[in-house]
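Shown next, in structure tokens, is the structure this report addresses.
In this chain, numbering begins with 1 at the start of the sequence shown. Computed from a predicted model, the values in this text were never measured in an experiment. We use all heavy atoms of the structure for the numbers below, so side chains are in, but hydrogens, waters and symmetry mates are not.
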Amino acid sequence: MLSIPNNLKMTKSNRFFLFMASMLGATGVALGAYANHGLSTWASLQQVDYFQLAVNYQLIHALLLLMVSTLNLLMPSRYLLLSQISLLLGVCFFSGSLYLYVLMGTKIVAMITPLGGLLLICAWLFAALSFITKSKKC
């Protein structure tokens, strides 16, 4: 188990977001492998491109969630917490809707994709705000 210095407080929230970042990374690698080896046997090139886009965004934002979660452990901030929440929801909505669109063929879920993109943009902006403002601790 990870050893945390005595002056840092590992909350349930910290553990949750660090765990979710790790899970997003692991599933992103697995889904990327599926896109290259399984999906390409039955899906169109455009569907594979959509799926790969979802994988790329998931992996990039899994790393960002890991970084923001670590920062929030070191210097707790409301903006970092908002960034964590936005990252997790954004990946679920953006990448998740693209996965469902490709795998199930239902175009209605593709309407959620822009909301996921907006949440990911907000996550980056909340992270930026945490560096230029003095927000109260969580």
- Query: Linking I/L/V/M/F/W/Y whenever any side-chain heavy atoms sit under 4.5 Å apart, do Tyr79 and Ile132 land together?
  - Reply: yes
- Item | Linked, directly or transitively: Met10 and Leu66 (ILVMFWY side chains, under 4.5 Å) | yes
Indicate every side-chain donor-acceptor pair of residues 17-29 with a distance under 3.5 Å to a residue at least two apart or in another chain.
from: Ser22; atom 1: OG; to: Leu18; atom 2: O; distance (Å): 3.0
from: Thr27; atom 1: OG1; to: Met23; atom 2: O; distance (Å): 2.8
from: Thr27; atom 1: OG1; to: Leu24; atom 2: O; distance (Å): 3.3
from: Thr27; atom 1: OG1; to: Gln58; atom 2: NE2; distance (Å): 2.7

Could you list the residues that satisfy side-chain hydrogen bond (donor to acceptor under 3.5 Å, both in side chains) with [X], not counting sequence neighbours?
X	answer
Ser86	none
Ser40	none
Asn36	Gln52
Tyr50	Gln46

How long is the straight-line distance from [atom2] of [Y] back to [atom1] of [X], given to the nearest 0.5 Å?
X	Y	atom1	atom2	answer
Asp49	Asn56	CG	CG	10.5 Å
His61	Cys92	NE2	SG	12.5 Å
Ser130	Leu81	OG	CG	11.5 Å

- Item | Pairwise side-chain contact, Phe16 with Leu88, heavy-atom cut-off 4.5 Å (strictly under) | yes
- Message: Tell me every residue that passes side-chain contact (heavy atoms from CB on, under 4.5 Å) with Leu63, counting only those two or more places apart in sequence or in another chain.
- Response: none
- Item | Contacts of Ala30 that satisfy side-chain contact (heavy atoms from CB on, under 4.5 Å) - sequence neighbours left out | none
- Item | ring pair (Phe, Tyr, Trp, His ring centres under 6.0 Å) against Phe126, all qualifying residues, sequence neighbours excluded | none
Ignoring hydrogens, what is the shortest heavy-atom contact between [X] and [Y]? Give both atom names and the distance.
X	Y	answer
Val68	Gln84	CG1-CG, 3.7 Å
Asn72	Ser77	OD1-N, 2.9 Å
Ser95	Ala54	OG-O, 2.8 Å
Leu39	Gln47	CD2-O, 4.5 Å

- Please write out which residues are connected to Leu125 in a hydrophobic cluster, directly or through intermediates, given that two of Ile, Leu, Val, Met, Phe, Trp, Tyr count as joined at side-chain heavy-atom separations below 4.5 angstrom. Ile121
- Message: Surrounding OH of Tyr57 (heavy atoms of other residues, nucleotides or ligands, distance under 6.0 Å), is the total greater than 12?
- Response: no
Side-chain donor-acceptor pairs of residues 100-120 under 3.5 Å, sequence neighbours excluded:
from: Thr113; atom 1: OG1; to: Ser97; atom 2: OG; distance (Å): 2.6
from: Thr113; atom 1: OG1; to: Ala110; atom 2: O; distance (Å): 3.1

- Message: Side chains of Asn14 and Thr11: any donor to acceptor distance under 3.5 Å?
- Response: yes
- Query: Can you list the steps and then say if Leu80 with Met75 is a side-chain contact (heavy atoms from CB on, under 4.5 Å)?
  - Reply: CA-CA 9 Å; Leu80 290 175; Met75 47 181 247; 4.3 Å; yes
- Task: Sequence neighbours left out, what pairs pass ring pair (Phe, Tyr, Trp, His ring centres under 6.0 Å) with at least one residue falling in residues 27-48?
- Result: none
